[in-house]
Amino acid sequence: MPYTVKQLAKLSGVSVRTLHYYDEIALLSPAYYGDNHYRYYEEEQLLMLQQILFYKELGFPLGDIQKILKSEHFDKIEALQSHRNLLTGDIDRIHKLINTIDKTISHLKGKPMFELEEIFDGFTDEKQAMYLDFLVESGISKESIEECKEKVKHWSKEQWVANKQENDKLYANIVGLIKKNLSPSSKEVQVLIKKHYELTKVFWTPTRESYIGLGQLYLSNPDFVAFYDEIHPKLLDFLIEAMNLFADKNLS
């Protein structure tokens with residue numbers, strides 16, 4: 001059965017905005033466009049989106065993923081087997097992903113069909129675990145992370161609410177500047193990004209590289225994308241550009 005872009009977004013955890021972007025850069029185009037100009041996706045596109053998500057899980061940037069998938073030597077079964085070999089090193093965290101790969105290989109080899117929706121099982125890890133994994137990969141020591149966790153575990157409900165209110169106010173102020181058509185490099189925006197950096201430092205102290213990487217984490221995680229898109233459709237791209245400029249100028 002064909003899936004609309006909204007149905008595929010709900011099924012896979014990838015935002016509608018991201019699926020539109022994948023179409024724009026020719027990473028994942030729909031099977032066809034309807035008379036209503038809606039995008040429609042079929043099995044081949046679902047399997048290709050699965051590959052994109054696997055490569056993203058393994059840390060590949062979109063440009064590299066595109067080159068791999070467009071290569072004349074790309075083979076789905078070989079790729080899936082390669083993914084399986086890499087993922088088995090951390091079997092507890094990615095057990096559902098391995099199960100998904102096995103099901104897909106069986107399906108592609110013509111064995112009994114499973115529910116097509118199952119190819120996306122395992123991609124929605126807990127945001128906190130994903131965040132902490134990113135911090136470790138970005139050079140933040142596990143000791144620092146444990147200190148952070150120790151610090152916030154004693155926070156009262158009032159402290160968490162106050163922190164959320166500060167962030168909500170910050171994002172509202174940034175949206176206000178977006179509506180005024182200010183650029184991410186403007187003084188007014190950069191003052192707010194400094195505040196964003198200071199709020200991040202409540203939990204950990206980013207370097208230039210890890211602060212830029214934080215923006216990429218926002219962009220790569222459907223939960224973050226949905227969060228920022230709900231506030232304002234232009235906020236995420238604007239915020240990431242402003243963070244990159246701030247990091248290049250102020251961090252080492």
Side-chain angles (χ1 to χ4, degrees), residues 5-6 8-28 39 49 52-53 55-57 59-63 65-66 123-135 137-138 163-204 206-251:
V5 69
K6 288 185 178 180
L8 182 56
K10 182 177 180 181
L11 172 64
S12 65
V14 176
S15 71
V16 170
R17 175 180 174 277
T18 299
L19 289 172
H20 285 176
Y21 177 65
Y22 287 172
D23 186 12
E24 289 171 10
I25 65 173
L27 178 61
L28 179 71
R39 295 170 170 85
L49 179 57
I52 293 169
L53 295 178
Y55 280 114
K56 285 185 68 177
E57 285 281 341
F60 286 78
L62 289 181
I65 295 173
Q66 191 169 35
F123 285 110
T124 51
D125 291 330
E126 298 247 348
K127 187 195 304 185
Q128 182 181 13
M130 205 172 179
Y131 187 60
L132 294 178
D133 286 345
F134 164 78
L135 294 181
E137 293 168 2
S138 299
N163 180 265
K164 181 181 185 302
Q165 289 174 339
E166 279 194 275
N167 280 280
D168 289 346
K169 181 179 178 181
L170 172 66
Y171 293 136
N173 288 336
I174 294 175
V175 169
L177 297 184
I178 292 174
K179 291 179 178 179
K180 290 181 179 180
N181 294 318
L182 294 185
S183 72
S185 62
S186 67
K187 180 179 179 181
E188 295 88 341
V189 172
Q190 287 299 304
V191 167
L192 294 181
I193 296 303
K194 182 178 181 182
K195 177 64 175 177
H196 178 271
Y197 176 74
E198 293 298 328
L199 286 172
T200 304
K201 284 178 65 179
V202 170
F203 303 99
W204 59 287
T207 62
R208 174 187 172 279
E209 181 180 357
S210 60
Y211 193 57
I212 290 174
L214 179 61
Q216 294 307 305
L217 175 65
Y218 292 160
L219 188 61
S220 66
N221 185 322
D223 292 336
F224 283 120
V225 171
F227 170 77
Y228 287 109
D229 279 354
E230 186 174 350
I231 298 174
H232 192 280
K234 294 183 179 180
L235 176 57
L236 182 54
D237 289 338
F238 188 91
L239 176 64
I240 291 172
E241 184 176 349
M243 289 171 63
N244 290 348
L245 291 168
F246 178 86
D248 284 336
K249 183 176 180 180
N250 300 285
L251 305 180

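Keep in mind that what you see is a predicted model, and the values were worked out from it rather than measured.
Across M243 and G215, no two heavy atoms sit closer than the pair CE-N, 3.8 Å. Across L53 and V14, no two heavy atoms sit closer than the pair CD2-CG2, 3.7 Å. For the residue pair S183 and V189, the shortest heavy atom distance occurs at O-CG2, 3.4 Å.
With contacts defined as side-chain heavy-atom distances shorter than 4.5 Å, the pair T207/Y211 does not qualify. Taking the side chain as every heavy atom from C-beta outward, S185 and Q190 never approach each other to under 4.5 Å. Within the 4.5 Å cutoff, the side chain of Y21 has no heavy atoms near those of the L27 side chain. The shortest side-chain heavy-atom distance between L236 and F227 does not fall under the 4.5 Å cut-off.
A donor-acceptor pair is defined here as one N or O able to donate and one able to accept, closer than 3.5 Å; no such pair exists between the side chain of E166 and the backbone of L199. Although no hydrogens or angles enter the test, the distance criterion places no donor-acceptor pair under 3.5 Å between the side chain of E188 and the main chain of L177. Using a distance-only test at 3.5 Å, with no hydrogens or angles considered, no donor-acceptor pair links the side chain of S210 to the main chain of G213. In this structure a side-chain-to-backbone donor-acceptor pair under 3.5 Å is present from Q66 to I25.
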Checklist entry - Can R17 and D237 be said to form a side-chain contact (heavy atoms from CB on, under 4.5 Å), step by step? => result CA-CA 11 Å; R17 175 180 174 277; D237 289 338; 2.6 Å; yes
Checklist entry - Please walk me through it: do S15 and T18 pass side-chain hydrogen bond (donor to acceptor under 3.5 Å, both in side chains)? => result CA-CA 5 Å; S15 71; T18 299; 2.8 Å; yes
Checklist entry - Could you go step by step and tell me if T200 and L214 meet the side-chain contact (heavy atoms from CB on, under 4.5 Å) rule? => result CA-CA 10 Å; T200 304; L214 179 61; 4.1 Å; yes
Item to check | CA sep, side-chain torsions, deciding dist, call: N167, N163, side-chain hydrogen bond (donor to acceptor under 3.5 Å, both in side chains) | outcome: CA-CA 6 Å; N167 280 280; N163 180 265; 3.3 Å; yes
Item to check | Residues Y171, Y228; criterion ring pair (Phe, Tyr, Trp, His ring centres under 6.0 Å); working and verdict | outcome: CA-CA 9 Å; Y171 293 136; Y228 287 109; 5.2 Å; yes
Item to check | Working for side-chain contact (heavy atoms from CB on, under 4.5 Å), residues Y22 and L49 | outcome: CA-CA 10 Å; Y22 287 172; L49 179 57; 4.2 Å; yes
Item to check | side-chain contact (heavy atoms from CB on, under 4.5 Å) evaluation trace for Y218 with L239 | outcome: CA-CA 10 Å; Y218 292 160; L239 176 64; 4.1 Å; yes
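The distance from atom CG of N250 to atom CZ of R208, rounded to the nearest 0.5 Å, is 11.5 Å. Atom-to-atom distance recorded for L11:CG and K6:NZ is 16.0 Å, nearest 0.5 angstrom. The distance from the CD1 atom of I174 to the NE2 atom of H196 is 7.0 Å, given to the nearest 0.5 Å. Taken from NZ in K249 to CG in N244, the straight-line distance is 15.0 Å, to the nearest 0.5 Å. From I212, atom CD1 reaches atom CG of L251 across 8.0 Å, with rounding to the nearest 0.5 Å. If you take CD on E24 and CG on L19, they are separated by 11.0 Å, rounding to the nearest 0.5 Å.
Evaluation of the side chain to side chain donor-acceptor pair (under 3.5 Å) test over residues 172-182, restricted to residues two or more places apart or in two chains, returns none.
Salt-bridge formation is not detected for the pair D229/K234: no Lys NZ or Arg NE/NH1/NH2 atom is positioned less than 4.0 Å from an Asp or Glu carboxylate oxygen.
Y197 and F246 have tilted rings, their planes meeting at an angle from 30° to 60° on a 0 to 90° scale.
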